[in-house]
> 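There's a structure below that I have some questions on.
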Protein chains: 2
Amino acid sequence: MERGRGALGPALELVHTGRAPTRAVLTAELGVTRATAGAVAAELEALGLITVDARPAAAGSQGRPSHRLSVAPGGPVVLAAQIHADGFRAALVGLGGRMVATAPGCMTVPADPSHIIDAVVEAGAGLLRETGRRCLGAGLAVPSAVAEPDGTALNPLHLSWPAGAPVSRLFTEALAKAGVPGPGEGPATGFTGNDVNLAALAEHRHGAGRGARHLLCVATGHRGVGGALVLDGRLHSGSSGLALEVGHLTVNPAGLPCHCGSRGCLDVETDPLAFLTAAGRAPGPEVSLLQQARDLLRTEYGDPAVRAAAELIVDRLGLGLAGLVNILNPDRIILGGLHRALLDADPERLRAVVADRSLWGRSGSVPILPCTLDHNSLIGAAEAAWQPVLDDPLTVLG
Amino acid sequence: MERGRGALGPALELVHTGRAPTRAVLTAELGVTRATAGAVAAELEALGLITVDARPAAAGSQGRPSHRLSVAPGGPVVLAAQIHADGFRAALVGLGGRMVATAPGCMTVPADPSHIIDAVVEAGAGLLRETGRRCLGAGLAVPSAVAEPDGTALNPLHLSWPAGAPVSRLFTEALAKAGVPGPGEGPATGFTGNDVNLAALAEHRHGAGRGARHLLCVATGHRGVGGALVLDGRLHSGSSGLALEVGHLTVNPAGLPCHCGSRGCLDVETDPLAFLTAAGRAPGPEVSLLQQARDLLRTEYGDPAVRAAAELIVDRLGLGLAGLVNILNPDRIILGGLHRALLDADPERLRAVVADRSLWGRSGSVPILPCTLDHNSLIGAAEAAWQPVLDDPLTVLG
DNA sequence: TGACTTTGTGCCGACACTAAACAAAATACG
DNA sequence: CGTATTTTGTTTAGTGTCGGCACAAAGTCA
């Protein structure tokens, strides 16, 4: 007599993304009857995933007030991990993108990927032991294109890893080694993805991308530029995981040579090093290039040389974004890393360039927004790990 | 006691695309029991959409031979129409992409779009009267980007139409005026789309794109270059119908100026006029540029100047395709128009350029194929018109 | 206080599908 | 040539999910 099994996944996703604060709007969003929505909510509560408030929320409007739906505070979590040029970070993340516990770890990233993957997984396993939370999956974000379906890192940027490192397999093996439990009997199977892709997913679910149908994200790390596309709520990673490698769009035909064989690629023309160079600053070794570029932009934007350099980079970034708009026609663009800082410094210039150089930009220009989530790659890794639960809670939880 | 209503749409699509020749494979493809597949087939037959052969097909293998499923020969049709630089064409198209009747019409395309839209719809209505077939929808292909959701033609290429012509509204009004019946009581509501987009849809369903998950199509008309993307069986037209405007990718930084403000765009560097010019031929006024370019390629490929021109265009096209591969990561590419002819002339050169300039092309290059369907834009217009029936046959047919 | 509005729940039936047994029509094998 | 085997199709009964509807609950409004 259990009702509402088919709508279980969609309902959980609505609560997860905060789009269903009450059973009444859950009813409307799912397009089902109140009876079904009530049954679905009861089932999700029985599974320990959400809570239905005992006291109705204060009713501002007419009619019987609704009870509030929210993510269960003590519910299950997933293990989220991120590896970047300066080290790693591990965290436990609950539904709703809530960071439950984190373990920052800094170390020089070794040339052997398995070392650091073991370390980050061990840190996550430690958090699980400390908190005693149930773990339903694991996700890992790496600064590299990750080929599907084999899960190899094709261009592990500045990690001194060998190209083609089997990161997905190493991650899953590390989870087994550390005894991280999966939803069923055996160990968890981990998902490994590109950090910008996962950041886009996180921004779409919980950040500046909420509600966008076709969301384009572009971000710099310390070097190079990454892109990601979320279509109708799902990450578009192409037929083999290699979509949105936007770094080699031509944005300055007479520009710097790029290792790809062309000249003036987005990668070499708009990353932090390009900005520092354009501003006439020799990058120092003490902090990351991204940090130096951000600091320069924040503290010396009054300096004409710095400002001119910023405008130059913005113009080239705008050219690249316009090209992407012509191809992808997104309804929102989100920028991260240095690009986000450049957008903050002069929002109008970038929007104007994009509108001017995209074919139909004049009629209705695309909103360009800064990303809003802290640790969005990490949260995105968690989102990927949650995905099987969101797709079918019953199969995962039994 | 009617079984198999939910699976009706998917089942019809399988028969429509020829992927379900028998009830046995229909069972496997739908992932249901034989009982359900049988009921679904019976329901579709009762609706007059498919036929189940009385005699079993000659059995080559063991076991009871399967009865053949096929599209009902005398079944309903949709009205498909296409407008291009040289005139228009109207046709009735059944399921399976079968052209049932066609009415080619040539006229100089007038500056007022409503005239020719009325004419093409009137031609289609004539076919309906002649054949007496039931009409379930209508689709129109135009050589222009069509903005959604308002259905206006933004850049009606070489049709001397005003930019922003409300083609979708004009088409629907013409259908009402000509008395073309829709599935229900009132007149049909027409779908209007870009011709390359619709061609891609047709190739994906019935042509060289069958089975591709992420299909990229690039084609020239007489002038300019169009692109289209089919993702998981659905056309990706972006958030406002303007995706895959690929004509302004930079493929020759020092190239010809383009009306978009840049230089060396795919549009001006790889279209028929670019080829004729590169080969040192002055285009004549008698036949279309596309025809002249194709003829030149076919008859004088031995001429070193012609061959050099072809290779130049191929190299630039390859650069553009490589850029698209880096962004979209399709698992197949289909070329039309002059690009198709260039591919036929020297398949290896184009594939080599794309593999060399796409980031991960060396590891596993993308298949590049010529389009295989005659009148693929017209068939694609029909596909768009069929879509509501494929999505939910019962609602449309009652 | 009573009418109205909105939310939540219990009960019943519709219905799409599965499961399992049976029937049919071919090939394979003795 | 007849029987076993394999594969396909159909019938029947059963199951689970959801919609419809009536009713209850909990607030606002007059």
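As the structure is a prediction and not an experimental result, all values here were calculated from the model. Order of the sequence lines fixes the chain letters, A, B, ..., with proteins taken first and strands second; residue numbering starts at 1 for each chain.
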> Not counting sequence neighbours, which residues clear side chain to side chain contact (heavy atoms under 4.5 Å, CB included) with A:Asp331? List them please.
A:Ala212, A:Arg213, A:His214, B:Ser239

> So what does A:Ala37 hit on the nucleic acid, given a heavy-atom distance under 4.0 Å: a base, only sugar-phosphate, or nothing?
nothing

> Tabulate protein N/O versus nucleotide N/O from nucleotides 22-25 of chain D, keeping only pairs under 3.5 Å, one per line.
from, atom 1, to, atom 2, distance (Å)
D:dA25, O4', A:Arg64, NH1, 3.4
D:dA25, N3, A:Arg64, NH1, 3.3

> Main chain of A:Ala208, side chain of A:Arg332: is a donor-acceptor contact present, judged purely on distance under 3.5 Å?
yes

> Expressed as a whole number of angstroms, how long is the span from B:Asp53:CG to D:dT8:C1'?
15 Å

> If you take the centroid of each ring, where Trp contributes its six-membered ring, are A:His206 and A:His16 closer together than 6.0 Å?
yes

> Do the side-chain N or O atoms of B:Arg23 get closer than 4.0 angstrom to the phosphate oxygens (OP1, OP2) of D:dG9?
yes

> Between C:dG2 atom P and A:Gln62 atom CD, what is the distance in whole Å?
19 Å

> Reckon A:Ser61 has a side-chain N or O less than 4.0 Å from the OP1 or OP2 of D:dG27?
no

> Can you confirm whether the side chains of B:Arg133 and B:Thr131 place a donor and an acceptor under 3.5 Å from each other?
no

> Counting just side-chain N and O atoms, does B:Thr22 come under 4.0 Å of either OP1 or OP2 of D:dT8?
no

> Would you list the pairs meeting salt bridge (charged side-chain N to carboxylate O under 4.0 Å, His left out) in which at least one residue belongs to residues 384-398 of chain B, sequence neighbours left out?
B:Arg234-B:Asp391

